[in-house]
Amino acid sequence: MNYSNTIEPFIEKISKQTGVSTLHIQKILAVISKVHTNEISAEDMAAYSGVTLRSAYRILNKLEVNGYAKISFIQQKKLRDRPKKIYKITLDQVLNNDRNGETSKQSRNN
């Protein structure tokens, strides 16, 4: 996966609002692009972006708390295993809204 040396303004804005580094936000966008869906688990993020599973959970939780991700469903394969949260990432909506001149806050309130 490729990451840009130049930081887009919307990435900086999300980073300041969530406390998630700009590099991790770029990694999330790269994972979304690679798997062709905006629904990912912490396991997916860890596997594709090279962060630890614990870091992936922490990052996704910060995005959820700040309105940039929602738990779309909880998957449990076996009765003894811990349920796996699948997050729907809404960073792409922020990108589209910022390019159209709208504020990201308006898109998160909808």
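Numbers for residues simply follow the sequence, beginning at 1. In this text, all values refer to a predicted model and were calculated from it rather than measured experimentally.
Scored by the side chain to side chain contact (heavy atoms under 4.5 Å, CB included) test, A46 finds L53, A56 as partners (sequence neighbours excluded). S21 meets the side-chain hydrogen bond (donor to acceptor under 3.5 Å, both in side chains) test with H24; sequence neighbours excluded. Take K62 and apply the side chain to side chain contact (heavy atoms under 4.5 Å, CB included) test, not counting sequence neighbours, and it matches V20. Judged as a side-chain hydrogen bond (donor to acceptor under 3.5 Å, both in side chains), and not counting sequence neighbours, E12 has no contacts. Not counting sequence neighbours, S15 has no partner by the side-chain hydrogen bond (donor to acceptor under 3.5 Å, both in side chains) test.
Listed here is the closest heavy atom pair of S49 and K27: O-NZ, 3.4 Å. The shortest heavy-atom contact between I25 and I11 is CD1-O, 3.8 Å. Across every non-hydrogen atom of M45 and I40, the tightest pair is CB-CD1, 4.3 Å.
Side-chain contact, Y48 with E43: no donor N or O sits under 3.5 Å from an acceptor N or O.
For N38 (side chain) and I89 (main-chain N/O), a donor-acceptor pair under 3.5 Å exists by modelled atom type. Judged purely by atom type and a 3.5 angstrom limit, D44 uses its side chain to pair as donor or acceptor with the backbone of S41. Of the possible donor and acceptor atoms, one in the side chain of S72 sits under 3.5 Å from a partner among the backbone N and O of I86. Without hydrogens or angle criteria, S33 side chain to L29 main chain gives no donor-acceptor distance under 3.5 Å.
With contacts defined as side-chain heavy-atom distances shorter than 4.5 Å, the pair F73/E39 qualifies.
Here the OG1-NZ distance, from T22 to K13, works out to 15.5 Å after rounding to the nearest 0.5 Å.
Just one of L63, I71, I28 meets the side chain to side chain contact (heavy atoms under 4.5 Å, CB included) condition when paired with Y87; it is I71.
Under a hydrophobic-cluster definition in which Ile, Leu, Val, Met, Phe, Trp and Tyr are linked whenever side-chain heavy atoms come within less than 4.5 Å, directly or via other members, Y57 and L23 are assigned to different clusters.
Counting Ile, Leu, Val, Met, Phe, Trp and Tyr side chains that sit under 4.5 Å apart, directly or through other members, V65 stands alone, with no cluster partners.
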